[in-house]
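Computed from heavy atoms alone, side chains included, the values below leave out hydrogens, waters and symmetry copies. Naming convention: chains lettered A, B, ... in sequence-line order (proteins, then strands); numbering from 1 in each chain. Since this is a predicted model, take the numbers as computed values, not measurements.
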Number of protein chains: 2
Amino acid sequence: MSGKRPSGRPANQDASAALKTVALRLVRELGYDKVSVSAIIEQAGVARQTLYNRWNTKADLVLEAVFEQTNTYAAEPSWDGAEDCRTLLEDFLIRIFEHLRIDGDTLRALIAASQQDAKFHRSFHANFVLPREQMITALLHRAQDRGELSPGRNVEVLSTLIHGAFWYRLLSRGVLDAGFAKEIVAETFA
Amino acid sequence: MSGKRPSGRPANQDASAALKTVALRLVRELGYDKVSVSAIIEQAGVARQTLYNRWNTKADLVLEAVFEQTNTYAAEPSWDGAEDCRTLLEDFLIRIFEHLRIDGDTLRALIAASQQDAKFHRSFHANFVLPREQMITALLHRAQDRGELSPGRNVEVLSTLIHGAFWYRLLSRGVLDAGFAKEIVAETFA
DNA sequence: GCGAATAGTGGACTGCAGTCTAATGATCAA
DNA sequence: TTGATCATTAGACTGCAGTCCACTATTCGC
């Protein structure tokens with residue numbers, strides 16, 4: 001698998017790195033819509049085609065740039081069993097909301113972009129959306145196993161409700177803070 | 001208030017009507033992104049500027065066109081007191097989902113557009129989003145008054161959870177059917 | 001070194017939303 | 001009738017994402 005030595009000129013990894021770095025910085029500084037592809041490639045010192053050799057669209061590039069910075073925030077909740085699932089869920093949501101204070105505007109733009117491009121929608125969903133939803137689902141299942149959540153509850157639907165709540169807040173530009181996280185958890189475990 | 005006779009040439013109401021009709025038809029036929037402003041004005045037999053005299057963007061025009069067709073579906077739940085609130089909520093959601101089968105793709109495009117244009121975001125939120133959220137909030141309050149919902153629940157948060165769930169499904173291109181409506185209601189009243 | 005294969009470069013090109021302009025048309029008030 | 005005011009028209013224009021092209025550069029197997 002790894003022995004596949006491709007023929008031809010190898011891709012310049014510095015160019016990819018520069019594009020991601022520049023894109024993330026510009027997008028955070030100016031906002032996704034105010035950053036043109038021309039500005040990104042100029043500051044990265046790279047030709048237009050080089051960008052499109054690696055990514056299909058501006059959205060794909062920015063997604064990857066944000067994604068690399070994001071795993072820090074979206075780390076799996078610790079399964080040490082010391083804390084109850086309710087607290088774990090709350091902490092998990094609070095951490096997501098913290099990340100959204102930095103990249104929330106960019107994420108909103110990527111969600112918008114994903115509605116206009118079916119290919120990007122699949123990529124965005126697989127890399128960003130599904131993993132988080134599955135973490136929440138797993139956490140709720142665990143809560144049921146430990147008896148913190150009534151076994152009659154539909155975990156998949158609960159997960160959609162929780163996940164949807166902060167998407168809705170994000171897209172409606174509402175407040176996403178620790179208080180909202182606590183309220184969500186309170187209603188989930190009510 | 002109504003006696004304000006404006007000076008100058010009056011706006012041609014036929015042009016507005018034609019633009020809305022053509023826009024809605026084209027958008028439903030081809031999808032929002034595949035319909036160009038040029039196509040709309042050509043088929044409406046109207047100059048470009050005439051469109052932009054009345055609406056700021058393509059999104060504003062389509063929003064208004066969809067909105068006029070929509071009130072049929074988003075009618076206030078009947079308050080006759082005969083049915084319980086749980087059933088009313090279920091029917092309300094089912095009716096919304098029915099409308100989304102027709103205009104869901106367009107709505108997704110408008111949500112995307114609203115993330116890229118602050119002015120349109122305000123208009124979309126005020127005309128489309130808030131009214132529905134308030135209907136659900138009112139319904140849940142009523143459920144509390146009638147003792148169908150525990151008085152300890154946070155109605156505003158519940159409303160956000162419900163509303164978010166179908167936004168999330170809509171934007172994730174998931175299934176929005178009567179079964180999902182029932183599941184949402186079941187978890188809300190659980 | 002040579003040819004095949006692939007990457008990078010600069011720049012032209014397309015299609016789109018939205019803006020702008022100059023001219024013409026409709027309505028009212030005096 | 002005349003002038004003020006606003007609407008409509010046709011079309012030029014801007015700025016953008018993404019595509020295309022001709023050419024150059026780098027790496028491989030031989």
Side-chain angles (χ1 to χ4, degrees), chain A residues 2-20 22-23 26-27 30-63 109-110 112-121 123, chain B residues 2-19 22-23 26-27 30-63 106 109-110 112-121 123:
Chain A
S2 63
K4 185 79 95 12
R5 194 72 50 91
S7 67
R9 177 176 177 172
N12 178 359
Q13 294 310 320
D14 291 351
S16 302
L19 282 167
K20 281 185 278 190
V22 167
L26 286 181
V27 156
L30 307 173
Y32 184 88
D33 294 311
K34 296 237 167 62
V35 177
S36 69
V37 168
S38 297
I40 295 174
I41 60 174
E42 269 170 38
Q43 296 207 17
V46 140
R48 199 175 191 76
Q49 188 60 44
T50 301
L51 191 162
Y52 287 103
N53 279 347
R54 293 175 176 63
W55 295 280
N56 288 322
T57 64
K58 182 173 99 172
D60 286 279
L61 162 60
V62 173
L63 171 62
L110 291 179
S114 77
Q115 302 306 315
Q116 291 150 356
D117 179 340
K119 237 189 293 180
F120 178 66
H121 187 280
S123 166
Chain B
S2 63
K4 186 80 93 19
R5 193 73 50 90
S7 68
R9 178 177 176 170
N12 179 359
Q13 295 309 320
D14 292 351
S16 301
L19 282 166
V22 168
L26 286 180
V27 157
L30 308 172
Y32 184 88
D33 294 311
K34 296 234 168 61
V35 176
S36 68
V37 168
S38 297
I40 296 173
I41 61 174
E42 269 169 38
Q43 296 206 19
V46 140
R48 199 175 192 75
Q49 187 58 44
T50 301
L51 191 161
Y52 287 104
N53 279 345
R54 292 173 177 62
W55 296 281
N56 289 322
T57 64
K58 184 173 99 173
D60 286 279
L61 163 61
V62 173
L63 171 60
T106 306
L110 291 180
S114 78
Q115 302 306 317
Q116 290 151 354
D117 179 340
K119 237 190 294 182
F120 179 65
H121 188 280
S123 167

Distance, rounded to the nearest Å, where [X] contributes [atom1] and [N] contributes [atom2]:
{"X": "A:Asn12", "N": "C:dT6", "atom1": "CG", "atom2": "C1'", "result": "13 Å"}
{"X": "A:Arg9", "N": "D:dT27", "atom1": "CZ", "atom2": "C1'", "result": "9 Å"}
{"X": "A:Gln116", "N": "D:dG18", "atom1": "CD", "atom2": "P", "result": "10 Å"}
{"X": "A:Asp60", "N": "D:dA17", "atom1": "CG", "atom2": "C1'", "result": "13 Å"}
{"X": "B:Asp14", "N": "C:dA26", "atom1": "CG", "atom2": "P", "result": "14 Å"}
{"X": "A:Leu110", "N": "D:dA17", "atom1": "CG", "atom2": "P", "result": "14 Å"}

Exercise. In chain order, what residues pass the ring pair (Phe, Tyr, Trp, His ring centres under 6.0 Å) check against B:Phe120, with sequence neighbours excluded?
Worked result: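 B:Phe120: ring pair (Phe, Tyr, Trp, His ring centres under 6.0 Å) contacts with B:Phe124.
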
Exercise. Of all residues at least two apart in sequence or in a different chain, which pass the side chain to side chain contact (heavy atoms under 4.5 Å, CB included) check with A:Thr57?
Worked result: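 For A:Thr57 the side chain to side chain contact (heavy atoms under 4.5 Å, CB included) partners, ignoring immediate neighbours, are A:Ala59, A:Asp60, A:Asp117.
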
For this session: Could you tell me whether the side chain of A:Val37 reaches within less than 4.5 Å of the side chain of A:Tyr52, counting heavy atoms only?
Result: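 Yes, at least one pair of side-chain atoms sits under 4.5 Å.
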
For this session: Kindly point out which of D:dG18, C:dG8, C:dG18 is positioned nearest to the side chain of B:Thr57?
Result: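 Closest of the options to the side chain of B:Thr57: C:dG18.
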
Pull out every protein N or O sitting under 3.5 Å from an N or O of nucleotides 14-16 of chain D, one pair per line with the distance.
none

For this session: Mind checking side-chain hydrogen bond (donor to acceptor under 3.5 Å, both in side chains) for A:Ser38 and listing every partner two or more places apart, or none if nothing turns up?
Result: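 Residues passing side-chain hydrogen bond (donor to acceptor under 3.5 Å, both in side chains) with A:Ser38: A:Arg48.
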
Exercise. Sequence neighbours excluded, which residues qualify as side-chain hydrogen bond (donor to acceptor under 3.5 Å, both in side chains) partners of B:Asp14?
Worked result: none

For this session: Mind listing the residues from residues 41-55 of chain B sitting with a heavy atom below 4.0 Å of DNA chain C? Number order is fine.
Result: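 B:Arg48, B:Gln49, B:Tyr52, in order of number.
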
Problem set entry | Point-to-point distance, once rounded to the nearest 0.5 Å, from NZ of B:Lys58 to CG of B:Asp33 | 6.0 Å

Problem set entry | A:Asn53 CG to A:Asn12 CG distance, which is reported to the nearest 0.5 Å | 11.5 Å

Exercise. Considering the options A:Val22, A:Val62, A:Leu26, which one meets the side-chain contact (heavy atoms from CB on, under 4.5 Å) requirement together with A:Val35?
Worked result: A:Leu26

